[in-house]
**Q** 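Before anything else, here's the structure in question.
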There are 2 protein chains.
Amino acid sequence: MKITIADVARKAGVSKSTVSRILNGNYEQNTQRTIDKVLKVIEEMDFQPNALAKGLKSNKTNIIGIVLSNLKNPFWASVLEGVEDECRSSGFNLMICNSNENPRVERDHIKSFQLKQVEGIIINTTLGNEDIYKDFTEKNFPFVTINRKIPNTEVNGVFMDNIEGAKIAVQHFIDNGLREIAIFIYPTEGVSPREERLEGYRQALQDNSLVVKEELIKIVGENKEIVKKEVKNLLNSHQKVEAIFSTNNILTLYVMEAIRELGLKVPQDIALIGYDETVWSMHLNPPLTTVYQPAYKMGELAAKKVIELINNKEQKIPTEQISLLPNLIVRQSSIQRSQLNE
Amino acid sequence: MKITIADVARKAGVSKSTVSRILNGNYEQNTQRTIDKVLKVIEEMDFQPNALAKGLKSNKTNIIGIVLSNLKNPFWASVLEGVEDECRSSGFNLMICNSNENPRVERDHIKSFQLKQVEGIIINTTLGNEDIYKDFTEKNFPFVTINRKIPNTEVNGVFMDNIEGAKIAVQHFIDNGLREIAIFIYPTEGVSPREERLEGYRQALQDNSLVVKEELIKIVGENKEIVKKEVKNLLNSHQKVEAIFSTNNILTLYVMEAIRELGLKVPQDIALIGYDETVWSMHLNPPLTTVYQPAYKMGELAAKKVIELINNKEQKIPTEQISLLPNLIVRQSSIQRSQLNE
DNA sequence: ATGAAAGCGCTAACAT
DNA sequence: ATGTTAGCGCTTTCAT
């Protein structure tokens with residue numbers, strides 16, 4: 001049933017080695033006649049070399065594994081696209097799985113990738129398996145983390161500069177004359193992008209000699225109703241709040257809904273900036289100012305890095321942390337009426 | 001460096017066969033002592049069986065491949081999640097790639113999957129490689145299409161009932177007293193979901209004895225500005241239009257933007273229904289009525305189907321087409337003021 | 001209850 | 001310029 005290299009060799013009247021050589025482009029020493037003959041037979045028989053056998057022998061599978069923690073967030077779709085494109089253009093296949101933020105699941109997936117002999121792994125870590133990451137790095141196994149930093153561990157990674165991202169958002173508010181700026185953020189829990197966004201928020205205020213008011217820092221979960229309640233409480237309190245910096249794309253939708261339900265207008269009553277540019281940002285009412293993160297680029301660079309590591313396994317390449325700069329996409333949600341009319 | 005079954009055998013003082021048996025749960029005829037001993041050594045050495053060798057020998061890789069055509073659309077993220085979950089719980093790994101709607105790329109990916117000996121393939125076809133699909137089906141190779149139907153070809157597939165989806169949307173308009181209903185749709189180009197949505201639109205009108213007005217059928221490309229121009233032309237013409245059925249989630253955002261720019265209100269001036277429920281639908285202003293499609297379910301069922309085919313390769317299972325029903329999520333965008341005040 | 005040995009399909013060192 | 005041969009790490013039949 002399945003055609004092997006031996007079948008081709010027999011039919012072409014040559015040895016398996018010759019077929020193998022030609023298959024792999026080691027033409028140098030072959031007669032053009034032989035090459036043509038073998039190629040013709042391969043074509044005729046529609047021969048498909050078995051990558052398993054090849055991989056077993058050569059220790060190269062041309063497979064990269066990626067572990068994501070959340071497929072639903074469009075941010076990750078872009079990252080995945082970047083990784084996929086890069087893999088494709090470099091001739092690698094991509095194995096994907098979803099840890100769903102569960103370290104146990106992540107661990108299983110990594111093990112499974114190893115059994116399958118993937119040549120490298122890209123991961124958005126759940127921060128529960130540092131021992132594995134450390135082990136990989138020590139063993140020189142091609143491994144790249146994305147998005148989340150791993151504390152106290154020198155591994156290859158591609159990250160966003162989240163401090164900067166928060167700073168440009170808050171600075172933009174300040175530049176527009178807003179001073180009472182609240183931040184909505186998920187519990188940081190050691191997740192570096194969250195910690196950094198909060199840190200960036202603080203820094204931006206301090207850089208402008210403004211005091212950081214703890215009551216304007218709203219740490220919220222993913223429950224929509226609770227988020228909305230927090231927004232309403234904040235805006236109804238005697239706290240003066242002029243602007244909200246919402247640090248997650250879905251969270252921002254909840255915030256807007258709450259504001260709308262209060263009968264308040266963005267940006268006239270309250271200015272708003274969201275984190276992560278999405279397809280819908282510009283279509284919200286009003287169009288939303290967002291911190292754009294180069295997600296596709298992050299995926300692409302991560303893939304490039306693993307591939308570089310794979311192609312240079314002999315050399316011990318020093319670990320590298322790449323940091324990508326976000327930028328602000330200014331729309332109406334963040335600009336007060338006075339500016340709007342200029 | 002790498003530990004093999006031979007190393008384990010040596011250390012445990014047994015043969016490779018014994019280790020292999022125990023590894024694969026063929027305990028029946030082994031002494032408990034041997035089992036324990038071998039298991040202990042496996043544990044101690046942290047032995048990881050090489051799936052390549054296993055696959056080469058056993059002709060089973062436990063890998064499924066999926067070819068998607070568009071990673072960015074959140075609809076596909078849900079599908080992917082369904083596929084991934086099902087694969088995981090059934091012990092399969094998932095290889096993913098993106099055809100980007102390009103049949104040539106799709107073809108390359110499929111070839112590549114075959115070389116890697118994937119045991120089954122799930123695909124959202126670009127409709128350019130029917131020969132391959134037919135071939136797979138004839139050869140009894142586990143193969144399932146999703147979302148798009150392949151004309152004149154009996155292959156396994158999981159689809160949405162797009163005729164029904166369009167009908168419930170249009171019927172909802174009609175039930176609310178709206179008669180002049182326009183549809184915005186991408187060029188059908190043989191893509192079954194588009195054809196069916198258009199068909200469903202026509203049927204719904206006819207079922208209610210309304211005439212289908214060709215000038216209310218707007219076939220548009222993906223260019224935002226052109227879409228907006230079309231919307232404006234339509235609403236500014238002396239055509240009476242009471243409602244718009246927008247058949248794609250991104251398209252709907254463009255439509256809304258154009259309406260807003262015209263100074264018209266949804267739903268008072270023009271009612272609107274979009275296709276595909278998304279995270280942002282409920283947060284638009286006004287909240288958008290959408291046709292919800294069970295995307296996760298589609299992914300899950302497709303994966304279940306390939307796995308079923310994989311596990312029963314001997315039997316020729318007749319091809320099956322599964323159709324999933326969408327349903328309408330009613331929000332304010334589709335309900336005219338009169339209803340709103342009830 | 002366990003072991004020996006052949007072989008899955010390929011590559012590569014060595015031989016010619 | 002091409003062929004021979006010995007594995008890669010595993011499974012599995014056949015022996016014992």
Side-chain angles (χ1 to χ4, degrees), chain A residues 1-42 45-63 111-112 114-119 313, chain B residues 1-42 45-63 111-112 114-119 313:
Chain A
M1 183 69 230
K2 284 223 169 164
I3 293 152
T4 77
I5 211 172
D7 300 321
V8 176
R10 200 173 311 120
K11 182 141 177 212
V14 297
S15 74
K16 292 195 296 173
S17 346
T18 300
V19 177
S20 173
R21 288 193 192 99
I22 291 174
L23 219 45
N24 292 290
N26 300 345
Y27 289 144
E28 307 95 44
Q29 13 201 1
N30 288 297
T31 326
Q32 191 59 46
R33 255 197 72 216
T34 327
I35 297 176
D36 293 343
K37 186 172 55 184
V38 171
L39 252 25
K40 187 156 150 281
V41 174
I42 288 176
M45 303 183 88
D46 187 29
F47 165 64
Q48 317 246 31
N50 183 324
L52 290 186
K54 181 169 180 162
L56 179 58
K57 181 66 191 177
S58 64
N59 256 317
K60 301 205 84 272
T61 55
N62 266 270
I63 301 176
K111 286 276 179 224
S112 165
Q114 291 185 284
L115 301 188
K116 294 285 156 54
Q117 312 299 118
V118 305
E119 296 193 56
K313 287 203 78 164
Chain B
M1 184 68 230
K2 284 222 168 164
I3 294 152
T4 76
I5 211 171
D7 300 321
V8 175
R10 200 173 310 120
K11 182 142 176 209
V14 297
S15 73
K16 292 194 295 173
S17 342
T18 300
V19 177
S20 174
R21 287 193 192 99
I22 291 173
L23 218 45
N24 292 290
N26 301 344
Y27 289 144
E28 307 95 44
Q29 14 201 2
N30 288 298
T31 325
Q32 191 58 46
R33 256 196 72 215
T34 324
I35 297 176
D36 293 343
K37 186 172 56 182
V38 170
L39 252 25
K40 186 155 152 281
V41 173
I42 288 175
M45 304 183 85
D46 188 29
F47 165 64
Q48 320 246 30
N50 183 324
L52 290 186
K54 180 168 182 163
L56 180 58
K57 183 66 192 178
S58 64
N59 257 319
K60 300 203 84 274
T61 55
N62 265 269
I63 301 175
K111 286 275 179 223
S112 164
Q114 291 185 282
L115 301 188
K116 294 283 155 60
Q117 312 300 116
V118 304
E119 296 193 57
K313 287 203 78 166

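Numbered from 1 within each chain, the chains take letters A, B, ... in sequence-line order.
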**Q** Could you go through B/K54 and B/N24, starting from their C-alpha distance and side-chain angles, then the distance that decides it, and tell me whether this counts as side-chain hydrogen bond (donor to acceptor under 3.5 Å, both in side chains)?
**A** CA-CA 11 Å; B/K54 180 168 182 163; B/N24 292 290; 3.0 Å; yes

**Q** Can you identify which nucleotide, out of C/dC10, D/dG9, D/dC10, has its nearest atom closest to the A/L56 side chain?
**A**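 So the side chain of A/L56 is nearest to D/dG9.
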
**Q** OP1 or OP2 of D/dC8 less than 4.0 angstrom from a side-chain nitrogen or oxygen of B/N50, does that happen here?
**A** no

**Q** Does a distance-only test, which skips hydrogens and angles, find a donor-acceptor pair under 3.5 Å between the side chain of B/K57 and the base of D/dG9?
**A**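 Per atom types, no contact qualifies.
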
**Q** Taking donor-acceptor contacts at under 3.5 Å, does the side chain of B/T34 reach the base of C/dA1?
**A** no

**Q** Side-chain donor or acceptor of A/T31 under 3.5 Å from a matching atom on the base of D/dT2?
**A** no

**Q** Round to a whole Å and report the spacing from NZ of A/K16 to C1' of D/dG7.
**A**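 A/K16 atom NZ is separated from D/dG7 atom C1' by 11 Å.
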
**Q** More 5' along DNA chain C: B/I35 or A/A6, using each one's nearest nucleotide?
**A** B/I35

**Q** Charged N to carboxylate O below 4.0 Å: is that the case for B/D7 and B/R10?
**A** yes

**Q** Would you tell me if any nitrogen or oxygen in the side chain of A/S15 comes within less than 4.0 Å of OP1 or OP2 on D/dT2?
**A** no

**Q** Would you find a donor on one side and an acceptor on the other, under 3.5 Å apart, between the side chain of B/Q48 and the backbone of A/L115?
**A** no

**Q** When you check the phosphate oxygens OP1 and OP2 of D/dT2, does a side-chain N or O of A/T18 lie under 4.0 Å from one of them?
**A** no

**Q** Can you give me the closest heavy-atom contact between A/L56 and B/A53, atom names plus distance?
**A**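 Heavy atoms of A/L56 and B/A53 come nearest at CD1-CB, 3.7 Å.
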
**Q** Which nucleotide, C/dG9, D/dG3, D/dA1, lies nearest any side-chain atom of A/N30?
**A** D/dA1

**Q** Starting at atom CD1 of B/I22, determine the distance to atom P of D/dT12, rounded to an integer number of angstrom.
**A** 15 Å

**Q** D/dT11, C/dA4, D/dT2: which one has an atom nearest the side-chain heavy atoms of B/S20?
**A** D/dT11

**Q** Quickly work out the B/I42 CD1 to D/dC10 P distance and round it to whole Å.
**A** 10 Å

**Q** Any idea which heavy atoms bring A/V118 and A/T61 closest together, and the distance?
**A** CA-OG1, 4.0 Å

**Q** Side chain of A/N24 only, heavy atoms from C-beta on: which candidate in C/dT11, D/dC10, C/dA4 is closest?
**A**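 The nucleotide sitting nearest to the side chain is C/dT11.
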
**Q** Which of the following nucleotides, D/dA1, D/dT13, C/dC10, is nearest to the side chain of A/T4?
**A**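 Selected nucleotide (nearest to the side chain): C/dC10.
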
**Q** Can you identify which nucleotide, out of C/dC10, D/dC10, C/dG3, has its nearest atom closest to the A/P49 side chain?
**A** C/dC10

